[in-house]
Amino acid sequence: MLQLESVNTHYGSSHILQGVNMQVNEGEVVCLLGRNGAGKTTTVSSIVGFAPPSSGNITFKGVDITRMPVERRARAGIALVPQGRRVFPMLTVRENLEVGKRPLPGGWDLERVYAMFPRLKERMGNLGSNLSGGEQQMVAIGRALMANPSLILMDEPSEGLAPLIIEEMYRHIEQIARDGTAILLVEHSLDQAIRMASRIYIMNKGSIMFETNDPNELTQETRHRLLGVGHKE
Ligand SMILES: Nc1ncnc2c1ncn2[C@@H]1O[C@H](COP(=O)(O)OP(=O)(O)OP(=O)(O)O)[C@@H](O)[C@H]1O
Ligand SMILES: [Mg+2]
């Protein structure tokens, strides 16, 4: 469904992504892990079009989207839950949810988002600036769902949230995946993400250093070496 082939992306003269190859199949959950500054967000930005690649190819559903404008990629079915959530502070919850809506018969709408996140229904009139981190993350996910995407890119959805809230968030993410939406999940290294992934990539310095279809292959040693986490005391 989504394919990156030899993708190179620059910010000015900085060569950030260096020949990235990646794939997400229909309905699949793929996890992209990596330390601070590894290039995860740049990968996401290349896919949604904020940072188009300088060379290489990105195809989505068989269409070359490498240089397609951001808005057209969104219409093609790619939605983003951005790092840091980016909820509009001066819009209400409801307005935030409606920003990116792309109605589809039988698809996601306000009622269905409220059914998944009853808390957002209670707070539908509240301003974005008045929400907790967890509530903002619900809004960011709900807003992506309102576009009825076939692929959602989630850039560190657990960042800055308490462990219990992360657990709850991941239950929702699993539900979204079960409903058939493909997900590219970006995290530093998080057990919840790794458990639900059918493929895992680890990025370091703009390149994919490790790839597996079997989460069990992601050993403590590999996590320690490539991610700097998970080492035993
Ligand atoms: N707008 C920009 N202009 C120039 N350099 C940038 C820009 N955004 C990111 N970079 C650089 O690109 C590299 C990759 O950054 P990126 O944000 O993709 O990493 P990341 O893996 O998402 O990190 P984090 O886990 O901290 O979110 C870093 O060295 C960063 O300093
Ligand atoms: Mg990032």
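Quick caveat, the model's predicted, so the values are computed rather than measured. As the structure lists them, so they are numbered: ligands from 1, and atoms in each ligand from 1. We use all heavy atoms of the structure for the numbers below, so side chains are in, but hydrogens, waters and symmetry mates are not.
For Met203, no heavy-atom contact with ligand 1 is shorter than 4.0 Å.
Taken from CD1 in Ile78 to CD1 in Ile152, the straight-line distance is 11.5 Å, to the nearest 0.5 Å.
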Exercise for the section: Under the side-chain hydrogen bond (donor to acceptor under 3.5 Å, both in side chains) rule, what do Thr41 and Gln83 come out as? Steps first, then yes or no, please. Expected result: CA-CA 8 Å; Thr41 297; Gln83 184 164 18; 2.6 Å; yes

Practice task
Take Thr9 and Thr42 through the side-chain hydrogen bond (donor to acceptor under 3.5 Å, both in side chains) test and state the conclusion after the steps.
Solution key: CA-CA 8 Å; Thr9 300; Thr42 307; over 6 Å; no

Handout entry: Candidate pair Asn8 and Ser55, rule side-chain hydrogen bond (donor to acceptor under 3.5 Å, both in side chains), full reasoning
Key = CA-CA 5 Å; Asn8 288 281; Ser55 69; 3.2 Å; yes

Practice task
Would you check, one step at a time, whether the test salt bridge (Lys or Arg N to Asp or Glu O under 4.0 Å) holds for Arg85 with Glu159?
Solution key: CA-CA 9 Å; Arg85 322 186 228 289; Glu159 196 176 30; 5.9 Å; no

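At a threshold of 4.5 Å between non-hydrogen side-chain atoms, the residues Leu17 and Ser46 count as touching.
Between Arg112 and Asp179 a salt bridge is recorded (basic side-chain N to carboxylate O distance below 4.0 Å). Electrostatic pairing of Lys61 and Glu26 does not count as a salt bridge here, judged by no charged N lying under 4.0 Å from a carboxylate O. The pair Arg171-Glu168 does not meet the salt-bridge criterion, since no charged nitrogen lies less than 4.0 angstrom from a carboxylate oxygen. With salt bridges taken as basic N to acidic carboxylate O contacts below 4.0 Å, one links Asp191 and Arg223.
Looking only at protein heavy atoms, the nearest one to atom 26 (O) of ligand 1 is Asn36 OD1, 2.9 Å. In terms of protein heavy-atom proximity, atom 15 (O) of ligand 1 is closest to Thr42 OG1, 3.8 Å. The nearest protein atom to atom 17 (O) of ligand 1, hydrogens excluded, is given as Thr41 CB, 3.6 Å; this is a heavy-atom distance. The protein heavy-atom contact nearest to atom 27 (O) of ligand 1 is Gln83 NE2, 2.9 Å. The protein atom (non-hydrogen) at minimum distance from atom 14 (C) of ligand 1 is Gly37 O, 3.4 Å. For atom 25 (O) of ligand 1, the closest non-hydrogen atom on the protein side is Lys40 NZ, 2.7 Å. In this structure, the protein non-hydrogen atom closest to atom 11 (C) of ligand 1 is Ile16 CD1, 3.9 Å. The protein atom (non-hydrogen) at minimum distance from atom 4 (C) of ligand 1 is Tyr11 CB, 3.4 Å.
Remark: Phe117 engages His172 in a ring-ring contact (aromatic ring centres under 6.0 Å, His included) (not counting sequence neighbours).
Within ligand 1, counting atoms from 1 as listed, the ones closer than 4.0 Å to a heavy atom of Arg35 are 21 (O), 25 (O). Taking a cut-off of under 4.0 Å to the non-hydrogen atoms of Glu156, the atoms of ligand 1 that pass are 24 (P), 25 (O), 27 (O). In summary, the atoms of ligand 1 found under 4.0 Å from a heavy atom of Ala38, numbered by their order in the structure, are 19 (O), 20 (P), 21 (O).
Counting only heavy atoms, the protein never gets under 4.0 Å from atom 30 (C) of ligand 1. In this structure, atom 23 (O) of ligand 1 has a protein heavy-atom contact shorter than 4.0 Å.
At least one heavy atom of Gly39 sits less than 4.0 Å from an atom of ligand 1.
For the pair Val87 and Gln136, the tightest heavy-atom approach, listed with the atom from each and the gap, is CG2-O, 3.4 Å. Between Met146 and Leu97, the shortest heavy-atom distance links the atoms CG-O, 3.3 Å.
Protein N/O/S atoms found under 2.8 Å from the Mg ion (ligand 2): Thr41 OG1, Gln83 OE1.
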